[in-house]
Amino acid sequence: MSGNKKPEWASGGQENGFASTIRPGLGQEIPKQERPESGRFIKKNQSVTDIAKLREGLLKGERAMLARSITLVESNAVRHFGQAQSLLQSIMNETGKSVRIGVSGVPGAGKSTFIEAFGTFLCSLGHKVAVLAIDPSSSIGGGSILGDKTRMEELAKNPLAFIRPSPSEGTLGGVHRKTRETMLLCEAAGFDVVIIETVGVGQSEAIVRGMVDFFMLLVLTGAGDELQGMKKGILELTDVIVVNKADGDNKRLAMKTKQEYNQILHFLQPATKGWSSRAITCSSITKEGIDMTWNIIQEFRKITNETGVFQLRRRLQQKEWMHTLIDEQLQKMFYRNENVQLLLPELENRVMSGKETVSNAVTQVFNVFFESIRTDN
Ligand SMILES: Nc1nc2c(ncn2[C@@H]2O[C@H](COP(=O)(O)OP(=O)(O)OP(=O)(O)O)[C@@H](O)[C@H]2O)c(=O)[nH]1
């Protein structure tokens with residue numbers, strides 16, 4: 001990093017709304033219309049007493065109230081952050097009752113076609129299915145998976161389903177927080193299956209793994225080729241590998257690929273204690289394997305519930321999530337500190353030219369940081 005250039009999370013925005021969290025008093029009005037990052041609007045004059053209304057509507061499963069609550073959670077405005085947290089706090093007891101499923105796979109693996117078929121199948125069984133997304137590219141280019149309404153057209157029309165695109169801006173950490181909180185809102189609104197889709201690149205898989213109970217990876221035939229470029233780490237996050245597009249001429253090859261993956265999984269650490277990760281085949285077109293996928297998830301829930309692994313994972317995820325937010329907040333505080341910003345470029349130059357050891361430089365900048373915190377207090 002050169003000169004004054006700060007990392008993304010150090011720049012002015014209030015991604016977490018933590019910078020100077022204001023909790024408006026009851027009945028206090030939001031003074032003017034605010035444009036949150038999503039491009040949707042929080043209504044002018046919406047007062048915090050609306051939180052009670054939002055909560056009531058949410059718990060009744062009203063979609064409009066769910067959509068408004070999500071808009072509030074996604075807003076970057078500091079005052080909305082306070083309101084969103086009040087709302088989330090008030091629904092805590094109503095959350096956690098869904099099964100949370102992560103779906104990943106490289107572009108073209110067939111994620112949206114699979115989720116459409118799988119979600120529609122679950123709705124036909126009477127489940128309420130919410131589909132959310134984490135798109136790592138949204139934090140770079142403002143793109144957004146699930147943004148295209150033509151994807152999952154049938155599921156989108158189903159009254160038992162709710163589909164929400166990835167938050168379209170912000171750091172990956174910010175997108176992560178918003179998706180987690182949106183998941184809680186969906187649970188409070190009665191959705192008993194929450195699917196979180198992510199493109200299988202980089203950090204996003206680990207992030208999704210950290211917020212779901214069950215993680216599945218969609219792959220295509222030809223495990224050998226694919227595995228060349230696939231990190232072992234990704235397979236070790238996975239509870240089930242779904243070899244997709246197992247139809248027509250591809251069916252036999254898909255079976256062979258499944259066996260290859262099963263052999264590989266045999267030698268890897270399972271993602272979940274007490275559960276043997278496995279590979280299956282599926283076709284989102286013929287729907288063969290869709291019901292089996294659900295049966296496996298049911299079996300997984302039963303086993304992990306009995307052993308307590310399910311509950312333990314949820315508890316640990318909460319703890320990790322708290323630490324993620326603490327880390328993010330600490331980094332922001334540090335890099336936004338004026339004295340740190342003044343000193344850092346000089347120290348960087350000294351370190352680069354070999355005049356200063358890195359450890360010395362770090363000690364100096366931390367001393368400046370601690371000193372300015374002390375004087376601020
Ligand atoms: N034959 C067959 N084709 C499929 C199946 N599932 C998906 N496809 C096709 O594969 C292509 C990619 O499917 P998508 O569902 O868009 O894949 P995706 O992983 O969501 O891809 P991105 O949108 O690029 O992330 C489409 O042309 C689908 O029609 C399947 O089970 N069988």
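Here the structure is a predicted model, which is why all the values come from computation and not from measurement. FYI, the numbering just counts along the sequence from 1. One-based numbering, in listed order, for ligands and for the atoms of each.
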Contact (N/O only, under 3.5 Å) between [X] and ligand 1:
| X | value |
| --- | --- |
| Ala109 | yes |
| Glu197 | no |
| Gly108 | yes |
| Gly110 | yes |

I need the atoms of ligand 1 closer than 4.0 Å to a non-hydrogen atom of Lys111, numbered in the order shown. 15 (O), 17 (O), 18 (P), 19 (O), 20 (O), 25 (O)

Would a line drawn from the ring center of Phe334 to the ring center of Phe366 be shorter than 6.0 Å? yes

Give a yes or no on whether a salt bridge exists between Glu371 and Arg374, defined as a side-chain N under 4.0 angstrom from a carboxylate O.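 The answer is yes: the pair qualifies as a salt bridge.
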
Please determine whether a side-chain nitrogen of the Lys or Arg among Arg350 and Glu346 lies less than 4.0 Å from a carboxylate oxygen of the Asp or Glu. no

Within less than 4.0 angstrom of ligand 1, does Val106 place any heavy atom?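 The answer is yes: ligand 1 sits under 4.0 Å from a heavy atom of Val106.
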
When you measure from the side chain of Glu116 to the backbone of Glu153, do you find a donor-acceptor pair of N or O atoms at a distance under 3.5 Å?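 Flag set: sc Glu116 to bb Glu153 pair under 3.5 Å.
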
Between the side chain of Arg313 and the main-chain N/O of Asp213, is any donor-acceptor distance below 3.5 Å?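 Present.
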
Over 60° means perpendicular and under 30° means parallel, so tell me whether Phe300 and Trp275 are parallel, tilted or perpendicular.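 Plane angle over 60°, so perpendicular.
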
Can you tell me which portion of Asn244 lies within the under-4.0 Å heavy-atom range of ligand 1? Options are side chain, backbone, both, or neither.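 The part of Asn244 near ligand 1 is the side chain, not the backbone.
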
Check each heavy atom of Thr113 against ligand 1 and say whether those closer than 4.0 Å belong to the side chain, the backbone, both or neither.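 It is both parts that get close, each with some atom under 4.0 Å.
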
